[in-house]
Each structure stands twice: as structure tokens, then as C-alpha cells.
Trainee: 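Let me give you the structure first, and then I'll get to my questions.
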Amino acid sequence: MRRLLPLLACLAFVFVLAGCDELTGGAKATKPQRQARIYGGGATFLNPMMVKWMEEYQKKTGHKVSYQSLGSGAGIEHFTTKAFDFGGTESTLNADQLKRATEVGGEVLHIPVCMGAVVPTYNLPGVDQPVRFTGKVLADIFLGKITKWNDPALQEINPKIDLPAKEIAVVHRSDGSGTTFVWVDYLCKVSKQWDSYIGRGTTVKWPVGSGQRGNEGVAEHISKTPYTLGYNELTTAVNRKLQYGPVQNREGEFVRGTLAGVTAAAGGGLADIPDDLRYTITNMPGKDSYPISGSAWVLVYANQKTEKGKALADFLRWITHEGQDYCDYLQYARLPPGLVERIEKKLEKIKTTK
């Protein structure tokens with residue numbers, strides 16, 4: 001009997017375990033799969049839009065995405081080194097950056113996510129009417145050749161405005177910036193001198209002016225400093241209630257930064273967008289085109305781990321389709337339908353492995 005008691009106890013324990021297996025679905029039961037968390041960062045231009053997308057995406061799917069507004073230069077660097085799952089930028093990778101990124105993680109995909117305007121922002125006390133600019137005038141101001149607000153070149157295109165005899169305090173970005181890239185890409189197209197001596201990039205050697213970090217830094221400086229002139233993406237200019245003026249386009253029309261103007265610029269350049277989706281839409285043809293228009297891209301590696309790759313692809317499909325419905329509200333232009341079709345094919349290139 002003493003030997004039988006331990007045996008009965010063991011059998012009872014086995015039956016308890018069997019009952020537990022029935023309740024939990026058997027011995028093969030596993031922990032529920034959780035969606036991979038996605039981390040990204042980069043362009044400050046993109047930040048207001050990305051914040052809205054992340055908020056709405058989480059409401060609809062329950063999945064979280066994080067984005068740090070650091071500037072396009074930082075976004076490119078952190079993406080390349082895989083510190084981020086994706087990088088946000090307003091400038092596509094140049095040849096050297098693309099080579100380095102490819103060596104680190106393989107094929108790089110440029111996924112356009114929205115479009116917007118970069119506008120000349122300024123602080124002119126007592127001047128309520130928008131000040132007009134030409135490409136040559138803007139280039140000459142940032143080259144240091146035009147130094148006063150009432151310079152004849154500025155006064156000529158603003159005959160109805162009594163411009164002050166004050167020094168123009170130029171302000172620009174101090175960090176690596178896609179907004180800067182769009183701005184100087186435009187200046188390169190309208191000024192041979194700028195193109196020859198300064199060039200384009202997320203950072204350049206500025207001939208004049210003071211540097212501020214981020215779109216918000218430039219906006220803050222302009223809002224507090226009379227007679228300043230700089231550049232901001234349209235959303236920041238509108239939200240901060242900054243003064244900004246129309247810019248003359250290729251057809252000779254003075255066009256203010258608007259969603260319609262960006263859409264017109266995108267339409268003018270859509271046929272020339274290459275297969276790798278690396279392009280610019282500054283100084284595009286068309287009577288209604290706003291000349292300092294740009295795109296924002298998300299940079300991702302085609303080769304991904306299974307969970308992370310599926311999560312990234314799902315998020316990018318959402319923001320380039322349903323997510324476009326939120327663009328107008330935040331002063332961004334939607335992606336043209338023809339471009340969205342090409343983006344879908346790019347997203348199919350995201351490969352997942354265990």
C-alpha cells in the first residue's frame with residue numbers, strides 16, 4: 001500500500017497536466033505573436049505629417065510607430081547604420097550615400113510619402129502685403145549681393161510696397177536638412193553663380209547669414225527678429241503665422257506656396273521621374289506650378305527580418321494610400337495617382353527572411 005500511494009500521486013499529477021493542456025490547446029500552445037515596433041526619424045519637414053499618420057495608424061491597427069524629428073541628414077545617417085528602421089528625408093541619397101548604404105544593408109528603396117512647399121519666410125514690421133521674390137533675387141540675397149530690403153531689384157518687383165531701408169538678416173538651417181536641399185536645389189536651377197560656387201546638398205557652405213537648427217528653430221528666430229529672411233516648409237510657416245511671399249515660376253507667374261501649386265509642379269515633372277523614384281520637382285513647368293516644391297521620402301532596406309519587414313511594408317502601404325487623406329489638413333500635397341502605382345511595385349521588393 002505504501003508503494004501504491006506515490007504511484008497514485010504521480011498519475012493524478014499527469015491527469016492535471018493533461019487537463020491543463022486541453023484548456024490551453026495542448027502542449028503546442030505558444031505565446032501570441034506581437035507586431036514588431038517600428039522606429040524611424042529624420043526630416044523635420046515630414047514631422048507634422050508623420051505625427052498625424054502614427055496617431056491614426058495606431059487607432060486603426062493598434063500598432064505603434066515612433067519617429068524622431070532630427071533633420072534629413074540625421075535621418076539618412078541613422079537609417080544607413082540601421083539605428084532606425086527607416087529614415088525620413090526630403091533629399092534622395094547621393095551616389096556616395098547610396099554606395100555606403102548598399103554596403104551596409106543591401107538594396108535601398110526610396111518611397112515617396114508626400115509633397116510640400118518650401119517658402120521664403122520673413123519678418124517685416126509694418127508690411128502687410130506679401131513681398132514677391134524672383135529666383136535671381138533670392139539667390140543674390142543668400143549670396144550676400146543684395147543686402148537691403150529696399151534694394152532696387154526687390155523694389156522693382158514690389159512697386160506697391162514701401163520696403164524699408166533695413167539690412168536683410170539672412171537665416172538658414174545649421175543642421176543637415178532636406179528643406180535646405182529643396183531650397184538650394186531651386187537656387188542652383190535659377191542662378192549659375194549659386195550652382196557653380198555653392199551647389200546643392202542637405203548642408204552647404206553658406207556665404208552669409210546665421211544658422212538655426214530645424215524648421216522650428218528657423219521659424220522661432222524669424223518670428224522674434226525683425227527684418228529677417230529665411231525659408232521654411234509651408235506647414236511650419238502657416239502654423240507659426242509667419243509672413244511668406246510668392247515666388248516667380250518658369251512661366252513668369254508669381255505663385256504663392258499652396259497645395260495646388262505643389263500638385264501642379266508634381267504634374268509637370270511626373271513623366272520624368274526615374275524608376276528608382278529619386279527626383280526633384282523644383283522649378284517645374286506650368287503656369288500654376290509653385291517653383292520651390294519638394295517631396296519627402298521614407299528610406300528602407302529591401303532586405304528585412306520577417307516581422308519587421310511585414311510591419312514596415314504594411315505601414316508604408318497605409319500612409320501611401322489611406323494615409324493620404326490626412327495630407328490636405330496639414331498643408332501637404334497628396335501623391336499623384338500615377339506615382340502611387342509605381343510605389344506599390346517598390347513595396348513589393350521588400351523581402352523578409354527569418
Trainee: Does Tyr279 reach the side chain of Ile281, with side-chain heavy atoms less than 4.5 Å apart?
Mentor: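 Heavy-atom side-chain distance check passes, below 4.5 Å.
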Trainee: Taking only Lys NZ, Arg NE, NH1 and NH2, and the carboxylate oxygens of Asp or Glu, determine whether Glu103 and Lys99 approach each other closer than 4.0 Å.
Mentor: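 Looking at Lys99 together with Glu103, the answer is yes, because their closest N to O distance falls below 4.0 Å.
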Trainee: Taking the basic N atoms (NZ, or NE/NH1/NH2) and the acidic carboxylate oxygens, is any pair closer than 4.0 Å for Glu56 and Lys60?
Mentor: no
Trainee: Is Glu107 salt-bridged to Lys351, going by a charged N under 4.0 Å from an acidic O?
Mentor: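 Judged by the 4.0 Å cut-off on N to carboxylate O distance, Glu107 and Lys351 do not form a salt bridge.
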Trainee: Please tell me if the side chains of Val238 and Thr236 come closer than 4.5 Å, counting only heavy atoms from C-beta onward.
Mentor: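 No, too far: nothing below the 4.5 Å cut-off.
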Trainee: Using side-chain heavy atoms (C-beta onward) and a distance below 4.5 Å, is Leu124 in contact with Trp149?
Mentor: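 The answer is yes, as the side chains (C-beta and beyond) meet within the 4.5 Å cut-off.
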Trainee: Run the salt-bridge test on Asp96 and Arg100 with the 4.0 Å N-O cut-off and return the result as yes or no.
Mentor: no
Trainee: Does Ala260 have any side-chain contact (heavy atoms from CB on, under 4.5 Å) partners at least two apart in sequence or in another chain, and if so, which?
Mentor: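 Testing Ala260 for side-chain contact (heavy atoms from CB on, under 4.5 Å), a comparison that skips the adjacent residues, returns Thr258.
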Trainee: When Phe142 is tested against each of Tyr197, Trp183, Tyr186 for ring-ring contact (aromatic ring centres under 6.0 Å, His included), which residue passes?
Mentor: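 That would be Trp183; it is the only one of Tyr197, Trp183, Tyr186 passing the ring-ring contact (aromatic ring centres under 6.0 Å, His included) with Phe142.
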Trainee: Do Glu216 and Arg240 meet the salt-bridge criterion of a basic N to acidic O distance under 4.0 Å?
Mentor: yes
Trainee: What closest approach, in Å, do Val108 and Leu98 show between heavy atoms, and which atom pair accounts for it?
Mentor: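 Looking at all heavy atoms of both residues, the shortest contact is CB-CD1, 3.9 Å.
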Trainee: Is Asp195 salt-bridged to Lys189, cutoff N-O under 4.0 Å?
Mentor: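 Looking at Asp195 and Lys189, the cut-off is not met.
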Trainee: For the aromatic rings, using the six-membered ring if either is Trp, is the centroid distance between Tyr301 and Phe79 under 6.0 Å?
Mentor: yes
Trainee: Run Thr263 and Arg334 through side chain to side chain donor-acceptor pair (under 3.5 Å) and show every step you take.
Mentor: CA-CA 8 Å; Thr263 300; Arg334 295 169 179 245; over 6 Å; no
Trainee: I'd like to check Thr179 versus Asn232 (side-chain heavy atoms, cut-off strictly below 4.5 Å). Are they in contact?
Mentor: no
Trainee: Distance from Trp206 atom CH2 to Arg173 atom CZ, nearest 0.5 Å?
Mentor: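 The distance works out to 10.0 Å.
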Trainee: For Ile168, run the side-chain contact (heavy atoms from CB on, under 4.5 Å) check against Asn150, Val208, Ile146 and tell me which one passes.
Mentor: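 When Asn150, Val208, Ile146 are each tested with Ile168, the side-chain contact (heavy atoms from CB on, under 4.5 Å) holds only for Ile146.
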